Protein chains: 2
Amino acid sequence: MNANEKSLMEAKANILKALGHPTRLWMAEQLAGGEKCVCELAENIDADFSTISKHLTVLKQAGVVIDEKRGKQVFYRLKVPCILNLMPCIEAVLQATAQSHIELVMDGRRSFSENMVIMSNNQMEKNR
Amino acid sequence: MNANEKSLMEAKANILKALGHPTRLWMAEQLAGGEKCVCELAENIDADFSTISKHLTVLKQAGVVIDEKRGKQVFYRLKVPCILNLMPCIEAVLQATAQSHIELVMDGRRSFSENMVIMSNNQMEKNR
DNA sequence: ATAACATTTGGTTGTTTTACCAAATGAGAA
DNA sequence: TTCTCATTTGGTAAAACAACCAAATGTTAT
């Protein structure tokens with residue numbers, strides 16, 4: 001890793017780190033649906049206003065969101081909308097982890113696809 | 001944010017946080033090109049072996065990579081290859097930030113595309 | 001068995017992050 | 001102007017993180 005590569009990694013890691021907190025990730029996902037004022041975001045977060053404000057500052061510094069003051073309120077929106085595109089892959093990792101846990105419990109006696117069949121049968125049971 | 005949504009956010013944020021460190025992000029990008037043993041990764045990282053090992057542990061427990069011991073060496077590989085797909089969006093954020101900085105310096109006197117023309121002219125100058 | 005190698009674990013220390021409270025700011029309303 | 005509302009800033013304490021060193025582990029080679 002040379003010096004240039006290193007600063008590129010630092011820059012990219014900084015963005016990922018900004019998204020790497022449950023509250024901030026939730027905020028980013030909310031903003032994917034359009035701009036929101038701080039008060040709207042705060043309605044659904046159980047934390048001090050100052051905490052919320054600081055999380056938004058982190059996202060802003062990372063370049064993920066931008067803010068705009070209009071009247072008494074401050075509105076935040078995604079600066080680059082593609083943030084939403086990250087989620088499918090993150091969810092795939094989650095899914096893969098869940099699958100390994102299942103296989104652990106199953107003691108590796110059945111294959112992935114066999115498990116899928118079993119799971120979907122269970123689902124049908126429930127829905128009956 | 002209800003309890004379920006909250007734990008989902010925690011799970012996802014955990015993955016992003018694992019990638020949110022320059023060394024770990026670099027490791028993940030290396031592994032996108034195929035499995036590597038710890039020693040191969042270590043060759044290009046200026047840090048103690050124990051530090052490198054701990055970073056790999058973080059990636060492993062986030063479900064990003066899996067390890068396999070073969071002989072004396074331990075090989076790591078991406079558990080879910082889509083990690084690479086995250087990068088274009090991260091780079092777009094970087095790009096957007098760079099662009100705002102340029103516009104700040106330019107005092108907003110020129111448009112994005114005008115700047116692009118100027119920049120590519122500068123590039124041609126250099127290459128002459 | 002012993003040595004040599006690759007990697008992990010445990011322990012320590014300094015740094016960063018997070019959350020809260022209290023106080024400050026800035027804008028619009030009275 | 002003065003009051004209120006929405007948000008940010010400053011300060012502080014607790015928790016989490018990152019890097020290093022030293023020692024432990026598990027594997028082949030001698």
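The shown structure was predicted, so the numbers you read here are calculated from the model rather than taken from an experiment. Only heavy atoms go into these numbers, but all of them, side chains included; no hydrogens, no water, no symmetry mates. Reminder, nothing fancy here: chain letters follow the sequence lines and each chain counts from 1.
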Can you check nucleotides 23-30 of chain D for protein contacts, nitrogen or oxygen pairs under 3.5 Å, and list what you find?
none

So which protein nitrogen or oxygen atoms get under 3.5 Å of nucleotides 13-17 of chain D's nitrogens or oxygens?
| unit_1 | atom_1 | unit_2 | atom_2 | d |
| --- | --- | --- | --- | --- |
| D:dC17 | OP1 | B:Lys17 | NZ | 3.1 |

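Put simply, the side chain of A:Ile90 reaches to within 4.5 Å of the side chain of B:Leu86, judged on heavy atoms. Two residues are said to be in side-chain contact when any heavy atoms from C-beta on lie closer than 4.5 Å; B:Ile83 and A:Val93 meet this criterion. By the 4.5 Å heavy-atom criterion applied to side chains, B:Asn2 and A:Asn44 are not counted as neighbours.
When rounded to the nearest whole Å, the span between CZ of B:Phe49 and P of D:dA22 equals 17 Å. Between the CG atom of B:Asp48 and the P atom of C:dT7 there is a distance of 13 Å, rounded to whole Å. Regarding A:Leu56, its CG atom lies at a distance of 13 Å from the P atom of C:dT18, rounded to whole Å. Rounded to an integer number of Å, the gap from A:Ile52 CD1 to C:dC21 C1' is 15 Å. When rounded to the nearest whole Å, the span between CE of A:Met27 and P of D:dT7 equals 11 Å. Rounded to an integer number of Å, the gap from B:Ile45 CD1 to D:dA19 C1' is 13 Å. Rounding to whole angstrom units, CG of residue A:Leu25 and C1' of C:dT18 are separated by 17 Å. A straight line from CG of A:Asp67 to C1' of C:dT25 spans 15 Å, rounded to a whole angstrom.
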- Carefully, step by step, assess B:Thr23 and B:Met27 under the rule side chain to side chain contact (heavy atoms under 4.5 Å, CB included). CA-CA 6 Å; B:Thr23 302; B:Met27 286 167 157; 4.1 Å; yes
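Taken to the nearest 0.5 Å, the SG atom of B:Cys37 stands 7.5 Å off from the CD atom of B:Glu43.
Side-chain proximity of B:Lys54 to the nucleotides C:dA6, C:dT8, C:dG10 is greatest for C:dG10. With C:dA19, C:dC21, C:dT8 as the choices, the nucleotide that has an atom nearest any side-chain atom of B:Val38 turns out to be C:dT8. For A:Ser50, the side-chain atoms get nearest to C:dC20 when compared with the rest of C:dT7, C:dC20, D:dC21.
For A:Tyr76 and D:dT8, the shortest distance from a side-chain N or O to OP1 or OP2 is below 4.0 Å. Between D:dA19 and B:His55, a contact under 4.0 Å exists linking OP1 or OP2 to a side-chain N or O. Distances shorter than 4.0 Å separate some side-chain N or O of A:Thr51 from OP1 or OP2 on C:dC20.
Contact check on A:Arg24 versus A:Glu29 returns no salt bridge, with no Lys/Arg side-chain nitrogen under 4.0 Å from an Asp/Glu carboxylate oxygen. For A:Glu35 and A:Arg70, the salt-bridge test passes: some basic side-chain N is under 4.0 Å from an acidic carboxylate O.
Sparse packing is recorded around NZ of B:Lys6, with 12 or fewer heavy atoms of other residues, nucleotides or ligands lying under 6.0 Å away.
Hydrophobic cluster membership differs between A:Val74 and A:Val58, with clusters built from Ile, Leu, Val, Met, Phe, Trp and Tyr side chains linked at under 4.5 angstrom.
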